[in-house]
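Since we're looking at a predicted model, the values are computed, not measured.
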Amino acid sequence: MPMNEKPEAGNWRNPLSVGNAGAARIAGSLTLGRELRRKAAAGGALGTFVIESPVPATISALALAGFDFVVLDMEHSTTDFSRLELLIAASQAAGLATLVRPWGEDTGLIGKILDMGANGIMAPHVDSPQRARAVVEQARYAPRGNRGLCPLTQYDSLGEPLQALNDSTYVVVQIEGRKALDQIGAIAAVEGIDAIFVGPYDLAMSMGVPPGSAQVFAAAEKLAKAVPGGPTLGIYIDDAAKCADWAACRFALQVVSFDGRMLSTGARAVASKARRGLSGKRAKS
């Protein structure tokens, strides 16, 4: 059901909306992007990727760890729509703002993900202002975009669903190539983008240097200078000890590590500690 371009379309009131306790909880989960935007604007929103262990228990563990949001990855993971639905539901139950990174630019893909209850999109490989505008168009309802409207029952929790979702949907575009760096000012100027996010691994490949190279981080710092205001700056960080350094460079939307890496690191630490203990016991006996 495509929206028209008239400004009044965004003020549509849902005649089937309700105002009970259940509606309040559902409305809260659908609009968690507002709190994510507030935290990022205040200087720090901490998230992580879900890539290798896309199950509800992972979401619960990340919420208990204290993350502000998760990015459910569909680009490099086995996550399909049936699994994505379960992960979004688990995130809503845990009160975690949820962004989804789709695998490509298929028509309708972003709208479908948002219809499932995701709080925002992290669009990969955005290398031009034209692509950035296309992302915004798909993520926002008229008059801010062309996202198609389906009167899903979950929207009965919102009196003015189009306005509420337009205001709360968090739109992130990933900068992952030389071409994007060359056009960063024009990309950042696209209305409707909440954050510009540096993907250092693909950026390194594009620059022809190994991941973790100084050139990549120099490029990120140069990007920050080219975007003095407007969208929040974000970046993927391997080493949590570097978060403060990146925050000092105005990178407030920080995605630190990912599920599989944290599991592996924690498991290695436990096994190593156990083996040291066992070795010490043997030495004493």
Which donor-acceptor pairs under 3.5 Å do the side chains of residues 240-247 make with protein atoms, sequence neighbours left out?
none

Practice item. Could you walk me through whether Asp80 and Arg83 pass the side chain to side chain contact (heavy atoms under 4.5 Å, CB included) test, one step at a time? Key: CA-CA 5 Å; Asp80 58 12; Arg83 181 172 292 183; 3.4 Å; yes
So which heavy atom on [X] is nearest to which on [Y], and how close?
X      : Y      : result
Asp238 : Ser257 : O-CB, 4.4 Å
Arg144 : Val136 : O-CG1, 4.1 Å
Ala40  : Ala252 : O-CB, 3.4 Å
Ala23  : Ser157 : O-CB, 3.3 Å
Ala164 : Thr31  : O-CG2, 4.3 Å
Arg178 : Ser206 : N-OG, 2.9 Å

May I ask you to decide if [Y]'s main-chain N or O and [X]'s side chain share a donor-acceptor pair within less than 3.5 Å?
X      : Y      : result
Ser264 : Gly260 : no
Gln154 : Met116 : no
Asp259 : Glu52  : yes
Thr58  : Pro54  : no

For [X], check side-chain hydrogen bond (donor to acceptor under 3.5 Å, both in side chains) against everything at least two apart and list the hits.
X      : result
Asn20  : none
Asp68  : Lys39
Thr48  : none
Arg133 : none

[atom2] on [Y] to [atom1] on [X], rounded to 0.5 Å:
X      : Y      : atom1 : atom2 : value
Leu165 : Asp115 : CG    : CG    : 9.0 Å
Leu84  : Ile113 : CG    : CD1   : 6.5 Å
Leu86  : Leu72  : CG    : CG    : 11.0 Å
Leu62  : Met262 : CG    : CE    : 5.0 Å
Glu35  : Leu96  : CD    : CG    : 12.0 Å

Are [Y] and [X] connected in a single hydrophobic cluster, I mean Ile/Leu/Val/Met/Phe/Trp/Tyr linked by side-chain heavy atoms less than 4.5 Å apart?
X      : Y      : result
Leu152 : Leu149 : yes
Leu32  : Tyr141 : no
Leu30  : Trp12  : yes

Are any non-hydrogen side-chain atoms of [X] and [Y] less than 4.5 angstrom apart?
X      : Y      : result
Trp103 : Leu109 : yes
Glu160 : Arg13  : yes
Gln174 : Asp202 : no
Arg25  : Ser29  : no
Cys150 : Tyr155 : no
Asp156 : Asn14  : yes
Gln92  : Ile26  : no

For [X], which fellow cluster members are found when Ile, Leu, Val, Met, Phe, Trp and Tyr are connected by side-chain heavy-atom distances below 4.5 angstrom, either directly or through intermediates?
X      : answer
Tyr236 : Leu36, Phe49, Ile51, Phe69, Val71, Leu99, Met122, Tyr170, Val172, Phe197, Tyr201, Leu253, Val255, Phe258
Leu263 : none
Leu16  : none

Point to revise | Worked check of side chain to side chain contact (heavy atoms under 4.5 Å, CB included) between Ile59 and Phe67 | key: CA-CA 10 Å; Ile59 304 298; Phe67 285 101; over 6 Å; no
Exercise for review: Would you please name every residue forming a salt bridge (Lys or Arg N to Asp or Glu O under 4.0 Å) with Glu85, sequence neighbours left out?
Suggested key: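 None.
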**Study point:** salt bridge (Lys or Arg N to Asp or Glu O under 4.0 Å) contacts in which one or both residues fall within residues 93-103, not counting sequence neighbours
**Key:**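 Qualifying pairs, neighbours excluded: Asp73-Arg101, Glu75-Arg101.
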Would you give me the side-chain donor-acceptor pairs under 3.5 Å for residues 211-222, sequence neighbours excluded?
{"from": "Ser213", "atom 1": "OG", "to": "Pro210", "atom 2": "O", "distance (Å)": "2.5"}

Practice item. Could you give me the CA-CA distance, side-chain angles and deciding distance for Phe251 and Ile237, then say whether side chain to side chain contact (heavy atoms under 4.5 Å, CB included) is met? Key: CA-CA 10 Å; Phe251 286 85; Ile237 303 170; over 6 Å; no
With a cut-off of 3.5 Å and sequence neighbours excluded, list every side-chain donor-acceptor pair involving residues 181-195.
{"from": "Gln183", "atom 1": "NE2", "to": "Asp127", "atom 2": "O", "distance (Å)": "3.2"}
{"from": "Asp194", "atom 1": "OD1", "to": "Arg37", "atom 2": "NE", "distance (Å)": "2.9"}
{"from": "Asp194", "atom 1": "OD1", "to": "Arg37", "atom 2": "NH2", "distance (Å)": "3.3"}
{"from": "Asp194", "atom 1": "OD2", "to": "Arg37", "atom 2": "NH2", "distance (Å)": "3.4"}
{"from": "Asp194", "atom 1": "OD2", "to": "Arg140", "atom 2": "NH2", "distance (Å)": "2.9"}
{"from": "Asp194", "atom 1": "OD2", "to": "Val171", "atom 2": "N", "distance (Å)": "2.8"}

